[in-house]
Amino acid sequence: KLFSASVNMTSLLDFFPDAKILYMVRDPLQVIPSGLSLVTGVLDKRFGFWALPEKKRSFYLRRLYKALVELLLRFQADWINGSIDQARVKIVTFDRLMSDFDRLMFEILEFIDIEPDANLKSEIMLTCEKQKQFKSGHSYNLEKFGLNEELIRKDCQVIYQTFLNHESKSNQ
């Protein structure tokens with residue numbers, strides 16, 4: 001949830017020359033309303049955001065939406081134009097984390113050059129079973145934020161094409 005890391009990946013890699021980074025990619029239909037909810041929740045507690053006049057809320061929500069989309073698009077652009085050393089950054093999709101946990105964990109361990117011992121392998125398999133049963137309690141009303149699925153899919157089309165191609169086809 002460190003929003004700034006996505007647009008500062010090259011600097012982060014330069015600052016930590018031995019680092020390997022896992023970068024989580026999640027469906028924008030989940031990420032964007034989650035980000036909007038997080039920010040507006042804090043603003044509402046402190047400033048009564050949802051009690052503000054609709055025009056002011058809409059203005060702010062539009063700008064925040066555009067900023068969240070921009071963060072996704074900048075990372076994608078850096079990824080495809082070669083600015084990010086892909087040998088040091090592994091893309092991990094949230095859906096795969098939930099549905100293919102054990103194989104993904106072993107890929108990550110290989111990526112970071114760690115040979116798992118029997119205890120770690122056992123823990124991964126136990127967690128794998130729990131992941132398969134997990135269902136998020138979060139649900140978001142896009143209309144609350146002045147959004148709809150079609151707009152998000154259109155604005156984030158390159159995210160689906162670059163990182164979530166197989167998932168976007170199955171979700172449509």
Side-chain angles (χ1 to χ4, degrees), residues 1-42 63-116 120-121 123-128 130-132 134-140 142 145 147 149 151-172:
K1 297 225 176 198
L2 184 58
F3 300 123
S4 62
S6 63
V7 294
N8 293 309
M9 190 62 65
T10 55
S11 297
L12 191 61
L13 290 168
D14 288 344
F15 191 77
F16 297 104
D18 296 329
K20 290 192 174 180
I21 296 175
L22 301 175
Y23 184 81
M24 175 77 65
V25 176
R26 193 169 185 186
D27 187 333
L29 287 169
Q30 297 166 348
V31 154
I32 290 172
S34 175
L36 289 166
S37 180
L38 179 70
V39 173
T40 58
V42 171
R63 292 182 69 138
L64 182 55
Y65 168 74
K66 287 180 184 290
L68 292 172
V69 169
E70 183 67 21
L71 289 173
L72 297 174
L73 297 180
R74 283 189 191 181
F75 179 83
Q76 186 271 350
D78 287 345
W79 182 260
I80 63 168
N81 74 21
S83 296
I84 295 172
D85 180 356
Q86 293 185 14
R88 295 178 54 210
V89 177
K90 180 170 182 61
I91 301 297
V92 176
T93 64
F94 181 81
D95 287 349
R96 185 151 182 239
L97 181 69
M98 300 309 290
S99 67
D100 193 20
F101 182 83
D102 53 338
R103 284 193 289 214
L104 179 59
M105 287 301 113
F106 291 117
E107 285 177 22
I108 289 170
L109 289 171
E110 184 178 330
F111 173 71
I112 61 174
D113 300 317
I114 292 185
E115 183 64 39
L120 181 55
K121 288 178 183 177
E123 287 296 320
I124 288 171
M125 298 314 289
L126 286 171
T127 303
C128 178
K130 291 177 187 174
Q131 289 290 89
K132 289 177 183 174
F134 178 81
K135 297 288 182 219
S136 174
H138 291 115
S139 63
Y140 303 102
L142 293 176
F145 302 112
L147 301 172
E149 185 174 326
L151 175 68
I152 294 173
R153 284 191 186 279
K154 179 177 95 35
D155 290 347
C156 298
Q157 181 178 5
V158 296
I159 303 302
Y160 288 102
Q161 291 170 340
T162 304
F163 303 114
L164 302 169
N165 194 23
H166 68 282
E167 286 139 353
S168 67
K169 288 178 183 172
S170 65
N171 289 341
Q172 290 182 357

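Residue numbers run from 1 in the order of the sequence given. Owing to the predicted nature of the structure, the values given are computational and were not obtained by experimental measurement.
- Sorted by first then second residue, the salt bridge (charged side-chain N to carboxylate O under 4.0 Å, His left out) pairs that include residues 69-79, not counting sequence neighbours, are Glu70-Arg74.
- Between the CE atom of Met9 and the CZ atom of Arg88 there is a distance of 10.5 Å, given to the nearest 0.5 Å.
- By the side-chain contact (heavy atoms from CB on, under 4.5 Å) test, Ser11 is found to be paired with no residue, residues two or more places apart in sequence or in another chain being considered.
- Applying the ring pair (Phe, Tyr, Trp, His ring centres under 6.0 Å) test to Tyr23 and every residue at least two apart in sequence or in another chain returns Phe75.
- Pairing each heavy atom of Val89 with each of Ile84, the nearest pair is CG2-CG2, 3.6 Å.
- Every residue meeting the side-chain contact (heavy atoms from CB on, under 4.5 Å) condition with Ile124, not counting sequence neighbours, appears here in chain and number order: Phe101, Asp102, Met105, Phe106, Leu109, Leu120.
- Legend: residues meeting side-chain hydrogen bond (donor to acceptor under 3.5 Å, both in side chains) with Asn81, ordered by chain and number and at least two apart, are Ser83.
- By the salt bridge (Lys or Arg N to Asp or Glu O under 4.0 Å) test, Asp113 pairs with Lys20, sequence neighbours left out.
- Scored by the side-chain hydrogen bond (donor to acceptor under 3.5 Å, both in side chains) test, Ser37 finds no partners at all (sequence neighbours excluded).
- Shown here for Phe163 and Val25, the closest heavy-atom pair between the two residues is CB-CG1, 3.7 Å.
- Scored by the salt bridge (Lys or Arg N to Asp or Glu O under 4.0 Å) test, Asp100 finds Arg96, Arg103 as partners (sequence neighbours excluded).
- Closest non-hydrogen pair, Leu13 versus Asp85, comes out as CD1-N, 4.1 Å.
- Residues satisfying the salt bridge (Lys or Arg N to Asp or Glu O under 4.0 Å) criterion with Lys90, sequence neighbours excluded, are Glu107.
- The side-chain hydrogen bond (donor to acceptor under 3.5 Å, both in side chains) check on Gln30 picks up Arg26, with sequence neighbours excluded.
- Partners of Thr162 according to the side-chain hydrogen bond (donor to acceptor under 3.5 Å, both in side chains) rule, which considers only residues two or more places apart in sequence or in another chain, are Gln76.
- Taking every heavy atom of both residues into account, Leu151 and Leu147 meet most closely at CD2-CD2, 3.8 Å.
- A search for side-chain contact (heavy atoms from CB on, under 4.5 Å) contacts involving Pro28 returns Ile32, Leu72, Ile152, Cys156, Ile159, Tyr160, Leu164, not counting sequence neighbours.
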